[in-house]
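For reference, positions follow the sequence shown, starting with 1.
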Amino acid sequence: MQIKRKSTALWSGTGKEGKGSLNTQSTVLNDTQYGFNSRFADGIGTNPEELIAAAHAGCFSMKLAFNIQAAGFAADELRTECEIVLEDGSITQSNLSLSAKVSGIDPAKFDELVRDAEANCPVSKLLNTKITVHYTLN
């Protein structure tokens, strides 16, 4: 199965004084502002690292839920926080913090399922992959 999702970024101006907006195919983001201040300070709007953190937390949680289900259990609650670290122009870390409620599961089995989700959720794989760029100019 192949699934394709799209988002669009529109940017005007310089890197520091410019402004941008983001739109997603689902319209969850609809002209959502982003810019220098929301990325490097505490300005209003979102930023790429925050969006990556949300994607990684959500992907990891869903992969873990599937792992738990395959092991014969159901998660009462999986609460995952993700911290993306941007350092010297590179994303250097994605730190996941999980609080889970899963009735009846053996702690060793749960650890195995967590480690699998950590390594195999699609966003985890993306964060450690080759990146290519295709573009048109003007």
(message) Give me each pair satisfying side chain to side chain donor-acceptor pair (under 3.5 Å) with a member in residues 52-63, each pair once, sequence neighbours excluded.
(response) His56-Ser94, His56-Ser124, Ser61-Thr80, Lys63-Asn67
(request) Would you please name every residue forming a salt bridge (Lys or Arg N to Asp or Glu O under 4.0 Å) with Glu50, sequence neighbours left out? (result) none
(message) Taking side-chain contact (heavy atoms from CB on, under 4.5 Å) as the definition, give me every residue that meets it alongside Leu51, ordered by chain and number, with sequence neighbours left out.
(response) Leu22, Leu29, Thr46
(message) So Val102 and Leu113, do their side chains get closer than 4.5 Å, heavy atoms only?
(response) no
(request) Answer yes or no: are there more than 12 heavy-atom neighbours, outside Gln25 itself, under 6.0 Å from its atom CD? (result) yes
(message) Count I, L, V, M, F, W, Y as connected when their side-chain heavy atoms are under 4.5 Å apart, and connections chain through other members. Are Phe73 and Phe110 then in the same cluster?
(response) yes
(request) Considering non-hydrogen atoms only, spot the tightest contact between Ala74 and Ile68 and give its length. (result) N-CG2, 3.9 Å
(message) Check for me, please, whether Ile52 and Leu86 land in the same ILVMFWY cluster - side-chain distances under 4.5 Å, paths through other members count.
(response) yes
(message) Test of understanding: with side-chain hydrogen bond (donor to acceptor under 3.5 Å, both in side chains), list the residues that count as partners of Glu118, not counting sequence neighbours.
(response) Arg115
(message) Checking Asp76 now: which residues fulfil side-chain hydrogen bond (donor to acceptor under 3.5 Å, both in side chains) with it, not counting sequence neighbours?
(response) Ser103
(message) Tell me every residue that passes salt bridge (Lys or Arg N to Asp or Glu O under 4.0 Å) with Glu112, counting only those two or more places apart in sequence or in another chain.
(response) Lys109
(message) List the residues meeting ring-ring contact (aromatic ring centres under 6.0 Å, His included) with Phe36, not counting sequence neighbours, and say none if there are none.
(response) Phe40
(request) Using side-chain hydrogen bond (donor to acceptor under 3.5 Å, both in side chains) as the criterion, list what pairs up with Glu83, not counting sequence neighbours. (result) Asn95
(request) Just jot down the ring-ring contact (aromatic ring centres under 6.0 Å, His included) partners of Phe66, sequence neighbours excluded, or say none. (result) none
(message) Could you see if Ile105 belongs to whatever hydrophobic cluster contains Val114? Use Ile, Leu, Val, Met, Phe, Trp, Tyr and a side-chain cutoff under 4.5 Å.
(response) yes
(message) Which residues pass the side-chain hydrogen bond (donor to acceptor under 3.5 Å, both in side chains) test with Glu17, not counting sequence neighbours?
(response) Thr14
(request) Determine which pairs satisfy salt bridge (charged side-chain N to carboxylate O under 4.0 Å, His left out) with at least one residue from residues 25-49, sequence neighbours left out, and list them in order. (result) Arg39-Glu49
(message) I need the full list of ring pair (Phe, Tyr, Trp, His ring centres under 6.0 Å) pairs touching residues 7-31, with sequence neighbours left out, sorted by first then second residue.
(response) Trp11-Tyr34
